Amino acid sequence: MLARLIEFSLRQRLLVLLVAFGIAAAGMIAFGRLPIDAFPDISPTQVKMVLKAPGMTPEEVEARVIGPLEMELLGVPRAVMLRSTSKYAIADITLDFAEGTDIYWARQQVAERYGNVVPLLPADVGGGLAPISTPLSDVYMFTVEGGNLSLQERRSLLDWTLRPALRTLPGVADVNVLGGHARSFVVVPDRVRLAATGLRLRDIADALERNNRNDGAGRLRAGESALIVRAEGALRSLEDIGNVVVRAGMPPIRIRDVAQVKVDALTRYGAVAKDGEDEAVQGIVVALRGTDASQLIARVEARLAELGPSLPAGVRIVPFYNRSALIERAVGTVTRALMEATVLVVILLLLFLGEWRASVVVASMLPFASLFTFLLMQLTGQSANLMSLGGLAIAIGMLVDAAVVVVENTVARLGPEAAGAHLPRLHRVYAAAREVATPVAAGMLIIVLTFLPLLTLEGLEGKLFSPVALTIVFALGASLLLSLTFVPVVASFVLKEHAHSEPWLMRKIDGFYRPLLDKALARPGMAFIGAGLALVLGVVGYLGVGKSFMPTMDEGDILVQLQEIALHFTRAVGGAGHRGWACASQPARGRPRGVARRVR
């Protein structure tokens, strides 16, 4: 089969060149469309629910909110782990699904179960499904500064101008708003006046609820026309709220008679400070799962630039975290290593082959194999990140192995003193490629097989290291295919028929190697002893070297985070239905430390 492939390539040389350049063009387009990020997405298919339960303690949240929800969520198809965290006034529930589960199907299952349990929850519990994001979805953070605006005005600007504009961008899951004062109409009852009029706090709440809506009153016919009658009662200002009638009579009792109405802020549970100075108002752009972070950040910056002229005078949007900087440094590190490796390979080819034409033929493999790899990465849904591009950098030296063997044998066959020198040129090129096709293919297959075990890894390890293995397998497969098709065709055009002498570097190396080989063959026992000692030293070195799951990533971005310690309850339910509870001291954002669990 390999011989027929080589024969077809040399018979259809123009077709092979056109296909090779077509694949290269498709690879360039694919590289431009590849999602680029610093790290691969290692998060599982996960659905998170965040519910607010005002005024409830962690124990009450656990009993009245999380308990009914967990009972309803047990048995969701393809679910593997159910976790929940109870905090003051907040319930956090996370459901992990099996690998490969469609995220939208998973969210639909959880939403249906949540709809079934809503009637059982307290009336004031609100919230629902969190955005479709991952732990690495925070891609852009900024503050609203300047303009002599108060914290409340900055918060309102972010809530009602910037956030809606950014949420319309493709790829934005949500825009979180932190800090400042959320503007609100506040009614402060006067208990003395309430007691004097015989009213209760519930009466004020009911009156506000009844009067804060618009109602339709049917239609009024006027000849051939029909007029829609509508009663507008939605509250728009402090005066509207103050005029709401609590109890009818002569005279009627209004809200302003028994309470103070003012503009204030919602109760705050935290604040944001920047550079250790005054408080700030912060926005966080959360990327949708699977979105190209680089393109999303570019769209966010463009939209903020568009909004700039419409903002109040002096107001500035100041970014303090931009994922694109990390992506550029991380991917740039690997790209630089890839370029350095390519240059080094070309130099070594010139030194060891000793002929620039042969070196050019072999070096042409590098861009074509790399572009072919990018095309396969796009077709399989891979992204360009540290791991996938790192795999290509690792394989860059192996990409030319097959081509070196084919070209070197072709050079030898094209010599005037080689066997079959009287045969046509194409026949000699075909004979040279066919002669080494089987050992070259076997060698590449062995290398590929050494990386296949990485594809069997599951969970976090699989998501982290599978891109490395896949990229190397794609690159080596492309290299083998091009070595048996593209390389013989290019060699038939570029290589010349002339006597080939051994390169100077190879003559020098051969002068050291032959005496050493003769000694090893003369005393094989010493050779075996030396190899055994090297093996033992390697094992000892492996046992003594430090080990870590991940290398230290230092790409220049430093994030300092302070977390408040809170007492809350954590519950976990495994795939087998085991349930347990724990009371633990844990950071407010839900990363447990020292959780003791009792399974019942």
Side-chain angles (χ1 to χ4, degrees), residues 48 50-58 61 85-92 124-127 130-131 133 135-167 172-188 260 262-287 300 304 307 311-312 314-323 557-568 584-593:
K48 179 183 284 291
V50 179
L51 303 177
K52 297 180 180 179
M56 290 190 186
T57 63
V61 171
T85 302
S86 306
K87 302 178 183 179
Y88 177 75
I90 293 178
D92 188 328
D124 55 349
V125 172
S133 59
L136 298 177
S137 288
D138 295 349
V139 296
Y140 195 84
M141 303 182 186
F142 61 91
T143 56
V144 180
E145 301 179 6
N148 294 323
L149 300 182
S150 65
L151 289 175
Q152 188 177 98
E153 292 170 331
R154 294 187 213 171
R155 176 65 181 259
S156 297
L157 179 64
L158 186 52
D159 279 332
W160 302 105
T161 301
L162 299 178
R163 185 169 182 260
L166 293 176
R167 291 188 68 183
V172 174
D174 201 357
V175 178
N176 293 336
V177 178
L178 303 175
H181 299 280
R183 187 171 181 267
S184 175
F185 292 133
V186 177
V187 177
V188 183
Q260 178 188 5
K262 61 181 180 179
V263 175
D264 207 332
L266 295 176
T267 302
R268 298 202 300 169
Y269 296 96
V272 175
K274 183 178 180 182
D275 299 332
E277 299 176 357
D278 295 336
E279 288 189 40
V281 176
Q282 172 188 349
I284 303 175
V285 179
V286 181
V300 169
L304 291 176
L307 294 173
L311 298 178
V315 172
R316 307 186 314 276
I317 307 300
V318 183
F320 64 92
Y321 176 77
N322 188 334
R323 174 78 67 81
D557 273 358
I558 300 176
L559 178 63
V560 179
Q561 182 175 356
L562 301 178
Q563 294 179 330
E564 178 186 358
I565 304 300
L567 188 67
H568 64 279
S585 177
Q586 179 173 331
R589 293 188 66 180
R591 297 184 176 88
R593 296 188 299 202

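The model shown is predicted, which means the values in this text are computed figures rather than measured ones.
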Please find the pair of heavy atoms, one from [X] and one from [Y], that lie closest to each other, and give the distance.
X	Y	result
Pro319	Tyr140	CB-OH, 3.3 Å
Ala89	Val61	N-CG2, 4.1 Å
Asp264	Gln152	O-NE2, 3.6 Å
Pro54	Asp124	CD-O, 3.4 Å
Pro164	Asp159	CD-O, 3.3 Å
Val139	Ala287	CG1-CB, 3.9 Å

Exercise. Begin from the C-alpha positions of Val286 and Val175 and carry the test side chain to side chain contact (heavy atoms under 4.5 Å, CB included) through to its verdict.
Key: CA-CA 6 Å; Val286 181; Val175 178; over 6 Å; no
Exercise. Only counting residues at least two apart or in another chain, list the ones meeting side-chain hydrogen bond (donor to acceptor under 3.5 Å, both in side chains) with Lys274.
Key: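 Lys274 satisfies side-chain hydrogen bond (donor to acceptor under 3.5 Å, both in side chains) with Thr143, Glu145 once adjacent residues are dropped.
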How far does [atom1] of [X] sit from [atom2] of [Y], to the nearest 0.5 angstrom?
X	Y	atom1	atom2	answer
Ile317	Leu157	CD1	CG	6.5 Å
Asn148	Arg154	CG	CZ	9.0 Å
Met141	Gln282	CE	CD	6.5 Å
Phe142	Ile284	CZ	CD1	9.5 Å
Glu153	His181	CD	NE2	11.5 Å
Ser86	Met56	OG	CE	11.5 Å

Contact between [X] and [Y] at the side-chain level, heavy atoms closer than 4.5 Å - yes or no?
X	Y	result
Leu311	Leu162	yes
Val263	Val186	no
Leu304	Leu166	yes

Quiz prompt | Any donor-acceptor pair under 3.5 Å from Arg155 side chain to Arg183 backbone | solution = no
Quiz prompt | Electrostatic pair Asp174:Arg163 at N-O distance under 4.0 angstrom | solution = yes
Exercise. Identify, with sequence neighbours excluded, every residue that meets side-chain contact (heavy atoms from CB on, under 4.5 Å) alongside Leu266.
Key: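 Counting only residues at least two positions away or on another chain, Leu266 forms a side-chain contact (heavy atoms from CB on, under 4.5 Å) with Ala182, Ser184.
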Quiz item: Would Leu151 and Val281 satisfy side chain to side chain contact (heavy atoms under 4.5 Å, CB included), going step by step from the backbone distance to the final call?
Solution: CA-CA 7 Å; Leu151 289 175; Val281 176; 4.2 Å; yes
